[in-house]
Amino acid sequence: MYKKVVVMGGGTGISYLLKGLKDFPVDITAVITVSDNGRSTGKLRKEFHTPAVGDIRKVITSLSGIDEPIKKMMSYRFNTFSDLDGHAVGNLILTSMLDITGSLKDSIASLSKLLDVRHTVLPISEDSNLTLMGKDLDGNIIEGEEEITMARRQFEKIYYKEEPKVLPEVLTALKEADLIIFSMGSLYTSVLPNVMCKEVKEVLKEAKAPIMYLCNVVTQPGETDDFTVSDHVKLLNRYLDNKKVDAVIASNTKLDKEIAKKYETEEQKEPVIIDYEELEKVGVELIEDDLIIVEDNILRHNSLKLSSLIFSYLMRD
């Protein structure tokens, strides 16, 4: 019987991880944030009063066993002067199924069956009005996930406008997990929105599974400027309350000078430094390797190599 892995996150990061992890003999439950209010997802939320579907669409596509042309179709965005402009095909399909079934969980299950997904994808909540809030270091309150990202500030606190009702299946998956993973991706808008739910924290407090964090390779402008690996872990631990991160995977790849300069000047992002002594003080196990590759001049995790490290950790005696 395969060991059970729960992966929590959102955005592009979790999609790249799952693309590799799905080929290993594990039972995956991917738990996705649904508070995004930008681009196609934001338009659909406003018009149809639904949870965010964009990150879910990316994850389903990554886990899918179908041919590449169909995957590309799911991600295709219309470029037109009509109301369809900017909408991804997969977002429209999920929204239409949600309108038919009345349940995001059931819509995901139907689309997963259609696209040959052999693992479980769940939204953290079915709440249609989930709104992410941020209080920056100057005391300013910012409302909305997109607005938090665009603000490029460090935050004293991230929270929900209204406490979400977490899907029962998510809580069950966490209780039964052999490993719980917080995926790489935006710390404030992809990872914390799952971690800070009261019901999730209560379950994590009693969960027997170790918690693993996959650290980002570069900082996020404003939000995590000058953050080291230990800073990421410390922030997660603060929101976890009584539970702590047991292991962190970080890349020790030496970045090419040109690509590093590009990220620094064009995106104001810098490599996340592995601060060994501080990590030891925090009491978290560090697993490091050369994990970064360059695709289309963009830094990406090598999903197969990353997944191998996760599987090796999972299969320890």
Side-chain angles (χ1 to χ4, degrees), residues 1-10 13-14 17-18 21 24-35 51 56 59 104-105 108-109 119-127 130 132 157-160 162-185 187-215 229-230 232-249 279-287 309-317:
M1 190 172 180
Y2 289 169
K3 290 198 174 184
K4 297 179 179 180
V5 178
V6 176
V7 185
M8 308 186 84
I14 191 172
L17 165 62
L18 295 174
L21 194 59
F24 285 76
V26 292
D27 181 359
I28 303 169
T29 297
V31 179
I32 314 301
T33 57
V34 288
S35 54
I56 291 170
V59 166
L104 182 54
K105 180 192 70 174
I108 293 169
H119 297 278
T120 304
V121 180
L122 295 171
I124 187 69
S125 173
E126 292 258 10
D127 294 352
L130 275 188
L132 206 59
K157 183 181 180 183
I158 295 289
Y159 58 100
Y160 282 113
E162 295 180 4
E163 181 65 27
K165 181 174 176 55
V166 177
L167 210 65
E169 289 84 350
V170 170
L171 302 177
T172 299
L174 290 170
K175 290 175 185 176
E176 297 177 351
D178 295 299
L179 178 64
I180 297 166
I181 298 173
F182 298 146
S183 176
M184 61 279 193
L187 196 57
Y188 286 101
T189 59
S190 291
V191 181
L192 291 184
N194 286 322
V195 176
M196 66 192 184
C197 297
K198 289 180 181 178
E199 291 176 286
V200 169
K201 288 201 280 190
E202 285 299 313
V203 170
L204 288 179
K205 189 165 59 176
E206 305 298 329
K208 296 180 180 179
I211 293 177
M212 173 181 282
Y213 170 55
L214 313 182
C215 192
V229 174
S230 75
H232 285 76
V233 173
K234 288 174 185 176
L235 184 62
L236 277 170
N237 284 345
R238 179 156 63 88
Y239 280 85
L240 282 168
D241 295 340
N242 298 313
K243 193 78 172 179
K244 303 298 178 188
V245 175
D246 296 284
V248 58
I249 294 182
L279 284 167
E280 191 172 341
K281 290 178 185 176
V282 173
V284 61
E285 178 184 351
L286 170 65
I287 303 170
L309 292 178
I310 294 169
F311 187 69
S312 296
Y313 180 89
L314 183 63
M315 297 309 293
R316 290 179 184 175
D317 292 333

Parallel, tilted or perpendicular: ring planes of Phe24 versus Phe311, cut at 30 and 60 degrees:
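Aromatic pair Phe24/Phe311 classed tilted.
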Who pairs with Tyr160 by ring-ring contact (aromatic ring centres under 6.0 Å, His included), at least two apart in sequence or on another chain?
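Counting only residues at least two positions away or on another chain, Tyr160 forms no ring-ring contact (aromatic ring centres under 6.0 Å, His included).
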According to ring-ring contact (aromatic ring centres under 6.0 Å, His included), who are the partners of Tyr313, at least two apart in sequence or on a separate chain?
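Partners of Tyr313 under the ring-ring contact (aromatic ring centres under 6.0 Å, His included) test: none.
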Where at least one partner belongs to residues 203-215, residue pairs that pass salt bridge (charged side-chain N to carboxylate O under 4.0 Å, His left out), sequence neighbours excluded:
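Residue pairs passing salt bridge (charged side-chain N to carboxylate O under 4.0 Å, His left out), neighbours aside: Glu202-Lys205.
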Which atom pairs, donor and acceptor, lie under 3.5 Å between side-chain atoms of residues 175-185 and protein residues at least two apart or in another chain?
{"residue": "Glu176", "atom": "OE1", "partner": "Lys4", "partner atom": "NZ", "Å": "3.2"}
{"residue": "Asp178", "atom": "OD2", "partner": "Lys4", "partner atom": "N", "Å": "2.7"}
{"residue": "Ser183", "atom": "OG", "partner": "Ile14", "partner atom": "N", "Å": "3.4"}

Can you list the residues that meet the side-chain contact (heavy atoms from CB on, under 4.5 Å) rule with [X], with sequence neighbours excluded?
X      : value
Ser190 : Ser186
Glu169 : Lys105, Leu122, Leu167
Glu199 : Val166, Leu171

Nearest 0.5 angstrom please: [X] [atom1] to [Y] [atom2], how far?
X      : Y      : atom1 : atom2 : answer
Ile32  : Ser125 : CD1   : OG    : 13.5 Å
Leu204 : Ile211 : CG    : CD1   : 5.0 Å
Ile287 : Cys215 : CD1   : SG    : 13.0 Å
Asp27  : Thr120 : CG    : OG1   : 6.0 Å
Leu286 : Ser230 : CG    : OG    : 10.5 Å
Leu174 : Thr29  : CG    : OG1   : 9.0 Å

Any idea which heavy atoms bring Gly10 and Thr33 closest together, and the distance?
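Of all heavy-atom pairs spanning Gly10 and Thr33, the closest is CA-OG1, 4.0 Å.
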Under a 4.5 Å cut-off applied to non-hydrogen side-chain atoms, are [X] and [Y] in contact?
X      : Y      : result
Ile124 : Pro164 : no
Val195 : Met8   : no
Val200 : Val31  : no
Leu214 : Val248 : no

May I ask you to check whether over 12 heavy atoms, not counting those of Glu162, lie within 6.0 Å of atom CD?
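Counting neighbours around CD of Glu162, 12 or fewer heavy atoms of other residues, nucleotides or ligands fall under 6.0 Å, so no.
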Among Val284, Ile249, Val233, which one satisfies side chain to side chain contact (heavy atoms under 4.5 Å, CB included) with Tyr213?
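Of all the options given, the one that passes is Val233.
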Pairwise side-chain hydrogen bond (donor to acceptor under 3.5 Å, both in side chains) hits with a residue in residues 238-249, at least two apart:
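Applying side-chain hydrogen bond (donor to acceptor under 3.5 Å, both in side chains) to every pair that reaches into residues 238-249, excluding sequence neighbours, yields Lys201-Asp241.
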Could you go step by step and tell me if Leu17 and Ile310 meet the side chain to side chain contact (heavy atoms under 4.5 Å, CB included) rule?
CA-CA 10 Å; Leu17 165 62; Ile310 294 169; 3.5 Å; yes
Would you please name every residue forming a salt bridge (Lys or Arg N to Asp or Glu O under 4.0 Å) with Glu285, sequence neighbours left out?
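Partners of Glu285 by the salt bridge (Lys or Arg N to Asp or Glu O under 4.0 Å) criterion, ordered by chain and then number, come out as Arg316.
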Residues forming a salt bridge (Lys or Arg N to Asp or Glu O under 4.0 Å) with Lys165, sequence neighbours excluded:
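Lys165 satisfies salt bridge (Lys or Arg N to Asp or Glu O under 4.0 Å) with no other residue.
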Residues two or more places apart in sequence or in another chain: which of them pass side-chain hydrogen bond (donor to acceptor under 3.5 Å, both in side chains) with Asn237?
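Scan of Asn237 (side-chain hydrogen bond (donor to acceptor under 3.5 Å, both in side chains), adjacent residues dropped) gives none.
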Given the rule in the side chain to side chain contact (heavy atoms under 4.5 Å, CB included) test, do His119 and Val121 qualify, once you have shown the distances and angles that lead to the verdict?
CA-CA 7 Å; His119 297 278; Val121 180; 6.0 Å; no
